[in-house]
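The structure appears right after this line, and notes come after that.
For ligands, and for the atoms within them, numbers begin at 1 and follow the listed sequence. Just so you know, residue 1 is the first one in the sequence shown, and it goes up from there.
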Amino acid sequence: MNKKNYRLLIFPAIALLIAAVFALTQRPADQHVRVIPDGRGSGCFSMHFETMGTDAHLVVYASTQEEAGHYLNSARNTVQNIAFLMSFYNPQSDITALNEAGAGENVEVSEKTYQVVSSAKQFFELTHGAFDITYTPLKEIWRQAQKNDRLPSDSALQDVLARIGSGKIELLENNRVRLKREGMSLDLGGIAKGFAIDQAIEEMKKLGCRSALVDIGGDMVVLGRKENGEKWRVQVRDPFGKFNGPVMLSVEDTAVATSGDYARYYTIADKRFSHIIDPRSGRPVKNVPSVTIIAPTALEADALATAVSVMGARRGMELIDSLEGVESMIMERTDDGEIITYSSDEFSEYEISEQVD
Ligand code: ADP
Ligand code: MG
């Protein structure tokens with residue numbers, strides 16, 4: 001594994017969230033295609049809608065509103081279709097069909113779901129079990145712990161761990177999937193958003209779009225450059241206001257995703273626990289408040305942000321350094337509460353010092 005030196009960044013650090021894009025400082029409240037009224041980009045159109053339990057923001061450059069509408073509506077349909085197929089909560093989704101099937105039962109799923117489950121299995125291998133879509137029974141345990149306001153017992157965690165492991169997902173011919181153990185279930189929450197973003201971009205490219213941004217819940221892909229030839233600027237937001245100014249990234253044809261423990265968490269006995277769970281110990285991730293990943297696709301960026309949160313700064317950075325075209329910024333919280341930020345060697349090439357105006 002190719003090791004590089006971590007670089008301690010100069011700014012004081014705390015949890016980060018990839019947030020709004022430069023062109024999107026004003027969010028449209030409706031779901032209609034409309035021209036962004038700030039005069040920055042003529043021919044710039046955007047759309048906003050809710051999906052996968054979060055907000056989606058789409059931006060395209062096009063010659064006419066009709067052309068933009070064509071791109072944006074197709075992208076939205078693509079995203080909503082994937083959300084429908086892969087939702088843990090939708091009773092009609094592929095995932096519900098799989099989760100409700102008995103052990104050893106073959107379930108035919110859509111080609112897309114098959115593709116995502118298969119990628120998720122690859123990330124399970126790559127991360128030695130840190131990324132694991134079968135972690136779901138642990139989510140139930142920690143939810144219950146929150147309800148009871150009491151930490152789960154070691155034995156309860158051990159029982160559940162026996163039912164976990166993406167090695168127990170079998171991929172069969174003709175898009176059929178089989179879960180080997182009774183009580184297993186899948187949750188694609190750490191990877192489906194990324195897949196949906198990539199598919200939305202592919203769909204718009206097919207229709208002729210050359211310049212676009214798709215952001216779902218802070219994970220995003222930018223296609224090409226903006227109409228004026230400049231790269232897209234992505235703002236890395238500081239949710240607790242600890243930065244002197246926002247960190248900006250300048251990107252083209254790239255994905256950026258962030259995982260953090262500050263937006264969603266469990267509260268038990270007045271303590272906060274991350275919604276990202278280490279499937280090997282059964283316990284929520286500690287001491288990694290934020291991970292930002294830059295990667296060729298949103299699927300990789302999304303899954304790796306979650307995986308690196310589990311792996312921690314040292315092992316996580318080793319993994320990132322071994323992957324071509326992937327960069328990362330990882331925040332670690334020390335035992336005395338100090339936040340240290342590490343970034344991979346080429347992460348700074350994406351950083352720009354300008355502030356949002
Ligand atoms: P967010 O963007 O909401 O912070 P992340 O991309 O960080 O989400 O992914 C967190 C989600 O991934 C969780 O809500 C859960 O659905 C899922 N998840 C949690 N732990 C794991 C894990 N160890 N492996 C795979 N998926 C996980
Ligand atoms: Mg993720």
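Checked against the 6.0 Å centroid criterion, the rings of Trp232 and Tyr350 do not qualify as a close aromatic pair.
Counting the atoms of ligand 1 from 1 in the order shown, those under 4.0 Å from a heavy atom of Ser259 are 5 (P), 6 (O), 7 (O). Using a 4.0 Å cut-off to heavy atoms of Pro279, the atoms of ligand 1 that qualify are 23 (N). Those atoms of ligand 1 that come under 4.0 Å of a heavy atom in Thr306, given as number and element, are 5 (P), 6 (O), 7 (O), 9 (O), 21 (C), 27 (C). Close approach of ligand 1 to Asp302 is summarised as follows: ligand atoms under 4.0 Å from at least one heavy atom of the residue are 6 (O). Residue Asp187 approaches ligand 1 through these ligand atoms, each under 4.0 Å from one of its heavy atoms: 16 (O).
Considering every non-hydrogen atom in both Ile82 and Ala192, the closest pair reads CG2-O, 4.4 Å. Pairing each heavy atom of Leu179 with each of Leu186, the nearest pair is CD2-CD2, 4.0 Å.
When Phe124, Phe123, Tyr265, Tyr135 are ranked by how near their heavy atoms come to atom 16 (O) of ligand 1, first place goes to Tyr135. Nearest-heavy-atom check against atom 23 (N) of ligand 1 across Asp132, Thr136, Ile277 picks out Ile277. For atom 10 (C) of ligand 1, the nearest non-hydrogen atom from the set His275, Met52, Met311 comes from His275.
On a distance-only criterion, Val310 and ligand 1 share no N/O pair closer than 3.5 Å. On a distance-only criterion, Gly190 and ligand 1 share at least one N/O pair closer than 3.5 Å. For a threshold of 3.5 Å applied to N or O pairs, the pair formed by Asp219 and ligand 1 contains no separation below that value.
Salt-bridge check for Lys121 with Glu125: failed, with every basic side-chain N at 4.0 Å or more from each acidic carboxylate O. The pair Glu108-Arg176 does not meet the salt-bridge criterion, since no charged nitrogen lies less than 4.0 angstrom from a carboxylate oxygen.
Under a 4.0 angstrom heavy-atom cut-off, Gly217 registers as lying outside contact with ligand 1. The shortest heavy-atom distance from Lys193 to ligand 1 is under 4.0 Å. Under a 4.0 angstrom heavy-atom cut-off, Gly218 registers as lying outside contact with ligand 1.
Taking the centre and axis of the six-membered ring of Tyr266, the NZ or CZ atom of Lys147 falls outside the cone set by 45° and 6.0 Å.
No side-chain heavy atom of Asn175 sits under 4.5 Å from any side-chain heavy atom of Ser110.
Atom CG of Asp335 sits in a sparse spot, with 12 or fewer heavy atoms from other residues, nucleotides or ligands closer than 6.0 Å.
In this model, no donor atom of one side chain and acceptor atom of the other lie less than 3.5 Å apart for Glu100 and Thr96.
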Stepwise side chain to side chain contact (heavy atoms under 4.5 Å, CB included) test for Phe49 and Thr51:
CA-CA 7 Å; Phe49 56 96; Thr51 186; 3.8 Å; yes
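Only the backbone of Ala130 comes within contact range of ligand 1, with a heavy atom under 4.0 Å; no side-chain atom does.
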